[in-house]
Amino acid sequence: MSSAPPILKSFFKKFKKTKKSNFEIDFKKIDISLISIHAIKTIEVLEDNGFEAYLVGGAVRDLLFGIKPKDFDVVTNATPDQIHHLFRRSRMIGRRFQLVHVIYGREVIEVSTYRSQQKKIPQADGSVIKDDNHFGTIEEDAMRRDFTINAMFYSPTNHKLVDFHDGLEDLKHGIIRIIGDPEKRYQEDPIRILRAFRVCAKLNMSLNSASRSPIKKIVPLLHEIPHSRLFDEVIKFFLTGHALNSYKVLCDENIYSQFFLSPEIESKEINLFISNGLKNTDLRINQDKSCNPSFLFSFLLWHQVHQLWDQYKIELKHSIAGLNQAIDEVIEKQIKLFPIHKRFTITMKEIWRLQPRFENQSPKKIYRLLLHPRFRAAYDFMLLRCQSNELDHSIGIWWTNFIDADHHEKSLMVKELTRK
Ligand code: ATP
Ligand code: MG
């Protein structure tokens with residue numbers, strides 16, 4: 001079992017906890033500057049109009065950890081109509097259970113009414129309809145959330161923390177505990193397995209044994225999750241700043257191979273290549289730079305392509321034909337495992353197909369490659385291959401200098417190449 005990081009331990013040592021009731025805690029240690037001013041404003045407006053309102057879920061968990069949440073959800077006892085009425089720039093969304101999006105320029109605060117747990121309503125024909133369209137109390141709202149650490153409510157105006165499931169205690173010990181009967185909760189929504197491992201990766205936590213034990217049995221249900229929801233969840237493992245840790249957790253838990261092809265032969269070079277790719281991804285995300293899923297999938301699957309390429313270039317006696325066949329086969333197998341949209345596979349194929357062209361020394365082809373719309377991604381990918389010693393470092397250095405060179409220097413560099 002992992003323990004909470006030192007920052008959290010000292011945080012907990014210092015905080016003053018005065019229980020007002022069984023579940024309410026006076027909690028003044030949260031760093032208010034980490035909270036979106038728009039979330040605070042939304043809560044203030046609701047409270048000023050006589051309603052209860054709290055931050056909830058991952059935002060409270062992250063604040064207790066001392067990190068800036070990536071989004072803020074607000075819950076209240078006001079109904080969607082009442083919320084909508086209070087905020088001029090807001091819109092109601094959702095068909096069955098309505099939520100309200102309060103809009104502040106580019107930031108959207110999602111406000112929802114306390115909700116009761118999903119009810120299963122048996123039908124005359126023997127089928128069951130899942131009905132989760134009911135308002136509830138704050139306590140019921142907490143019950144339907146996934147983990148104890150995700151079921152805390154916090155009011156930034158009066159510093160009240162509401163914690164029905166001992167989430168604070170679990171957070172302190174680095175434990176992820178599913179609320180209710182673990183098997184039932186995973187069956188109800190298997191995506192919770194992925195959510196659990198994602199929090200493990202993000203915050204270095206671990207699942208308690210009761211929350212872990214049914215997972216093996218439930219894992220096959222992951223494939224029944226609608227494609228777009230699954231895709232979004234898997235992407236969050238890799239494009240939210242903890243890709244390297246996510247990869248480790250997914251591999252250790254035998255989940256990675258549920259979604260991605262793995263190379264037949266493993267090696268130090270492959271591990272270095274993937275971990276460099278993931279580290280670069282984390283760095284870019286933490287610098288607020290964009291990251292394209294195509295690039296991510298390209299490096300996660302590159303060695304499968306490479307290994308088949310080695311085989312097919314001999315069989316077909318043609319390197320490029322071998323590469324194309326390897327690419328088609330990998331994509332075909334991969335999309336059976338996990339749906340990657342065509343708009344991403346098109347870019348992945350281009351990144352891979354451009355790789356041999358970095359080794360081509362014909363002047364015309366060098367300039368054509370430079371002008372290719374996918375040059376930048378392919379170049380970054382080629383550098384990754386150099387970093388993990390798959391490709392001679394001098395190739396990466398030559399291209400880096402070439403990009404930086406002016407027109408005249410470029411032509412000298414190309415001339416120099418052809419002279420060799
Ligand atoms: P992050 O935003 O950092 O990815 P999060 O926990 O905030 O993590 P969200 O998708 O923003 O994730 O969800 C907000 C909250 O909604 C969660 O903290 C949890 O309380 C609840 N929640 C989300 N998905 C589920 C689910 N599948 N089952 C139960 N509760 C959920
Ligand atoms: Mg969130």
Side-chain angles (χ1 to χ4, degrees), residues 34-36 38-39 42 54-76 93-94 96-97 99 101 107-119 130 132-133 136 138-154 161-168 170-171 176-205 207 211 215 218 221-222 224-226 228-243 245-246 249 282 285-286:
L34 295 175
I35 307 177
S36 140
H38 301 130
T42 307
Y54 293 95
L55 287 174
V56 69
V60 179
R61 173 201 69 211
D62 289 352
L63 287 169
L64 288 165
F65 234 87
I67 56 181
K68 196 174 170 61
K70 79 178 159 53
D71 49 33
F72 293 87
D73 296 321
V74 170
V75 279
T76 172
I93 60 149
R96 289 194 313 149
F97 190 91
L99 313 168
H101 277 175
E107 192 178 19
V108 174
I109 304 294
E110 190 167 286
V111 187
S112 64
T113 311
Y114 298 142
R115 196 163 158 184
S116 68
Q117 240 185 340
Q118 195 179 61
K119 292 185 179 71
K130 289 178 186 167
D132 54 2
N133 188 17
I138 185 170
E139 197 164 353
E140 285 173 317
D141 192 279
M143 277 293 284
R144 55 167 281 282
R145 294 182 181 273
D146 44 12
F147 315 119
T148 61
I149 55 163
N150 279 353
M152 290 181 270
F153 304 81
Y154 178 72
L161 186 84
V162 184
D163 178 14
F164 295 105
H165 297 281
D166 278 339
L168 200 55
D170 284 342
L171 198 67
I176 296 168
R177 186 191 310 273
I178 197 155
I179 296 171
D181 177 71
E183 190 168 337
K184 273 196 205 140
R185 296 306 306 281
Y186 291 130
Q187 250 154 6
E188 211 172 73
D189 187 1
I191 206 120
R192 288 176 185 146
I193 297 176
L194 297 183
R195 290 182 52 83
F197 289 134
R198 186 155 61 80
V199 185
C200 284
K202 175 174 174 172
L203 301 177
N204 265 320
M205 297 177 86
L207 268 86
S211 306
I215 286 186
I218 308 288
L221 297 184
L222 285 176
E224 288 171 21
I225 298 170
S228 64
R229 191 166 181 232
L230 192 61
F231 185 86
D232 289 350
E233 200 56 44
V234 169
I235 281 294
K236 280 193 206 161
F237 271 94
F238 294 106
L239 298 186
T240 50
H242 47 84
N245 225 10
S246 289
V249 169
D282 285 341
I285 298 280
N286 294 327

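Both counts, for ligands and for their atoms, begin at 1 and track the order of listing.
- Close approach to Arg144 involves these atoms of ligand 1, each under 4.0 Å from a residue heavy atom: 29 (C), 30 (N).
- Ion pairing between a basic and an acidic side chain is recognised when a charged N comes within 4.0 Å of a carboxylate O; Asp141 and Arg145 show such pairing.
- Under 4.0 Å is where a charged nitrogen must lie from a carboxylate oxygen, and between Asp146 and Arg192 no such pair does.
- Scanning Glu110, Arg192, Arg198 for the heavy atom closest to atom 4 (O) of ligand 1 points to Arg198.
- Closest to atom 15 (C) of ligand 1 by heavy atom, among Glu188, Arg145, Lys70, is Arg145.
- Comparing heavy-atom distances from atom 18 (O) of ligand 1 across Gly58, Ala151, Pro190 singles out Gly58 as nearest.
- Here Arg198 pairs with Glu233 in a salt bridge; the nearest charged N to carboxylate O distance falls below 4.0 Å.
- Looking at atom 30 (N) of ligand 1, its nearest protein heavy atom turns out to be Asp146 N, 3.2 Å.
- Looking at Arg61, Lys202, Met152, Arg195, it is Arg195 that brings a heavy atom closest to atom 23 (C) of ligand 1.
- By the 4.0 Å N-to-carboxylate-O rule, Lys202 lies close enough to Asp62 to be salt-bridged with it.
- If you look at Asp71 next to ligand 1, the close heavy atoms, those under 4.0 Å, all belong to the side chain.
- Ranking the protein heavy atoms by distance from atom 27 (N) of ligand 1 puts Asp189 OD2, 2.9 Å first.
- Closest N/O/S atom of Asp71 to the Mg ion (ligand 2): OD1.
- When each atom of ligand 1 is checked for a heavy atom of Asp73 under 4.0 Å away, the hits are 11 (O), 14 (C).
- For Arg61 and Asn150, the side-chain atoms include at least one donor-acceptor pair closer than 3.5 Å.
- Checking Thr148 against Asp166 by side-chain atom types alone, no donor-acceptor pair falls below 3.5 Å.
- The part of Ile191 lying near ligand 1 is the side chain, judged by heavy-atom distances below 4.0 Å.
- In this structure, Arg229 counts as a contact residue of ligand 1, since one of its heavy atoms falls inside 4.0 Å of the ligand.
- Distance check, rounded to the nearest 0.5 Å: OG of Ser112 to CD1 of Ile93 gives 9.5 Å.
- Looking at Asp189 and Arg229, a side-chain N of the basic residue comes within less than 4.0 Å of a carboxylate O on the acidic one, giving a salt bridge.
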